[in-house]
Amino acid sequence: MILYPAIDLKDGKAVRLLRGDMQKATVFNDDPAAQAMEFVTAGCEWLHLVDLNGAFAGEPVNAAAVEAILAQTRTPAQLGGGIRDMATIEAWLSKGLARVILGTVAVENPALVREAARAFPGQVAVGIDARDGKVATKGWAETTDVDATDLARSFEDDGVCAIIYTDINRDGAMQGPNVEATAALARAVTIPVIASGGVSSLKDLEALRDCGATLNGAISGRALYDGALDLKQALAALKA
């Protein structure tokens, strides 16, 4: 199981939100590229990047910060937030991004997800962010009546390389992930699933690893910044 350190970008800085609330942002590093290098130096295999402003704007906003990260590290990175058309997908992948994450358009324009997955095999993931089992879009500002599992299943045969499943109520709250819901989603599809939201300790990672469903990875943010989770220790434990 791969551990993905998260760098959430707001106004050019690395921040963490509480349950997706842009008004409850804590700045952890003014230099996201330097933060990325800290994670890379610790041995991470992937980076998880989110353009928070872009998720609300519907287009890239923190592009300069993302490009600085890509310029400084050769570690594969995945990015979500504000990626809602083929031109933006192509632009990011041409700049060296390993994987784009499509969230809002997975609900609003699923045909684009399928087209992109065919055009860029292995480089298109779907971000499913759920509040009480229902998918939220537009930076989590809107909750739909779409069931998270149904949305995941709808892309089963379309070449999507991963599903990043976030339980919004757990995100940034340091209360542990929703292991049960994540495992249920992973069992419902053959697409690799990455858990997100609430991973705050080594015990949380082990619970996801041993949940009875095969998870491709887990994303952690605030716990790494706060020191509740030691990245080197966590990486070593997942390889044991």
Side-chain angles (χ1 to χ4, degrees), residues 4 6 8-11 15-26 48-62 78-85 88-89 100-114 116 124-156 158 160 162-189 191 193-200 204 208 213 215 218-222:
Y4 295 74
D8 289 0
L9 301 163
K10 180 177 184 284
D11 305 331
V15 308
R16 292 302 291 168
L17 305 184
L18 178 61
R19 299 186 179 93
D21 188 341
M22 287 286 271
Q23 303 307 312
K24 296 178 180 176
T26 303
H48 175 76
L49 314 177
V50 181
D51 183 346
L52 293 171
N53 302 100
F56 284 91
E59 61 185 15
V61 175
N62 287 286
Q78 60 184 21
L79 171 70
I83 305 173
R84 298 183 191 170
D85 56 51
T88 304
I89 294 167
V100 293
I101 303 167
L102 305 181
T104 295
V105 293
V107 176
E108 298 184 349
N109 187 7
L112 174 66
V113 177
R114 297 183 175 102
V124 176
V126 168
I128 297 180
D129 307 322
R131 186 180 282 115
D132 301 321
K134 299 299 182 182
V135 178
T137 60
K138 297 183 173 66
W140 303 352
E142 296 182 13
T143 302
T144 70
D145 59 0
V146 178
D147 181 81
T149 302
D150 289 345
L151 182 62
R153 283 193 181 119
S154 73
F155 295 110
E156 186 70 277
D158 297 315
V160 169
I163 288 171
I164 291 90
Y165 175 70
T166 304
D167 185 299
I168 296 169
N169 290 330
R170 304 294 183 100
D171 193 71
M174 300 288 284
Q175 295 174 352
N178 190 333
V179 177
E180 187 177 327
T182 306
L185 183 78
R187 283 192 289 266
V189 294
I191 305 167
V193 173
I194 299 168
S196 176
V199 175
S200 55
D204 290 339
L208 288 167
L215 297 179
I219 294 165
S220 184
R222 180 175 288 272

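From a predicted model like this one, the values you see are computed outputs, not experimental measurements.
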**Report entry** Residue pair P177 / L208, side-chain heavy-atom distance below 4.5 Å
**Finding:** yes
Query - Side-chain touch K134/D147, heavy atoms, less than 4.5 angstrom - result: yes
Query raised in the report: T104 side chain to K138 main-chain N or O, any donor-acceptor pair under 3.5 Å?
Result: yes
Report task. Could you grab the distance from atom CZ of R19 to atom CD1 of I168, nearest 0.5 Å is fine? Result -> 11.5 Å
Requested in this report: Using atom types as modelled and distance alone, determine if a side-chain donor or acceptor of N53 lies under 3.5 Å from a backbone N or O of D11.
Outcome: yes
Query raised in the report: Is the closest side-chain heavy-atom distance between D158 and V113 below 4.5 Å?
Result: no
Query raised in the report: Would you say I219 and T166 make side-chain contact, with heavy atoms under 4.5 Å?
Result: no
**Report entry** Nearest non-hydrogen partners of G176 and S200, listed with the distance
**Finding:** N-OG, 3.7 Å
**Report entry** Closest contact, heavy atoms only, A148 versus L185
**Finding:** O-CD1, 3.9 Å
Report task. Look only at the side chain of R16 and the backbone of A6, and say whether a donor-acceptor pair between them is shorter than 3.5 Å. Result -> no
Query raised in the report: For L17 and K24, what are the C-alpha separation, side-chain angles and deciding distance, and is it a side-chain contact (heavy atoms from CB on, under 4.5 Å)?
Result: CA-CA 6 Å; L17 305 184; K24 296 178 180 176; 5.9 Å; no
**Report entry** Minimum-distance pair of heavy atoms, taken over all atoms of R170 and G197
**Finding:** CB-O, 3.6 Å
Report task. Output the distance between atom CD1 (I128) and atom OG1 (T137), rounded to the nearest 0.5 Å. Result -> 12.5 Å
Query - Pairwise distance CD1(I164) to CD1(I194) - rounded to 0.5 angstrom - result: 4.5 Å
Query raised in the report: Does some side-chain heavy atom of R84 sit less than 4.5 Å from a side-chain heavy atom of L112?
Result: no
Query raised in the report: Do T182 and D167 pass the side-chain contact (heavy atoms from CB on, under 4.5 Å) test, and can you show the C-alpha distance, the side-chain angles, and the key distance before you say yes or no?
Result: CA-CA 8 Å; T182 306; D167 185 299; 5.9 Å; no
Requested in this report: To the nearest 0.5 angstrom, please state how far the CG atom of N62 sits from the CG atom of L49.
Outcome: 10.5 Å
Report task. Might you point out which heavy atoms bring V160 and A125 nearest each other, and give the distance in Å? Result -> CG1-CA, 4.1 Å
Report task. For N169 and D132, run side-chain contact (heavy atoms from CB on, under 4.5 Å): C-alpha distance rounded to whole Å, both residues' side-chain angles, the deciding distance at 0.1 Å, then the answer. Result -> CA-CA 8 Å; N169 290 330; D132 301 321; 3.2 Å; yes
Query raised in the report: What pair of heavy atoms forms the shortest contact from A186 to V193, and how long is it?
Result: CA-CG2, 3.8 Å
Query raised in the report: Looking only at heavy atoms, which two atoms of V199 and A218 are closest? And how far apart?
Result: CG2-CB, 4.5 Å
Requested in this report: Would you give the length of the straight line joining atom CD1 of I163 to atom CZ of F155, rounded to the nearest 0.5 angstrom?
Outcome: 8.5 Å
Report summary line: Here the gap from Q175 atom CD to D204 atom CG, rounded to the nearest 0.5 Å, amounts to 11.0 Å
Query raised in the report: Side-chain contact, heavy-atom cut-off 4.5 Å: I101 with H48?
Result: yes
Report summary line: The side-chain contact (heavy atoms from CB on, under 4.5 Å) partner of V15 among L52, V50, L9, T26 is L52
Query raised in the report: Counting N and O atoms only, with roles assigned by atom type, does the side chain of D51 sit under 3.5 Å from a partner on the main chain of V61, one being a donor and the other an acceptor?
Result: yes
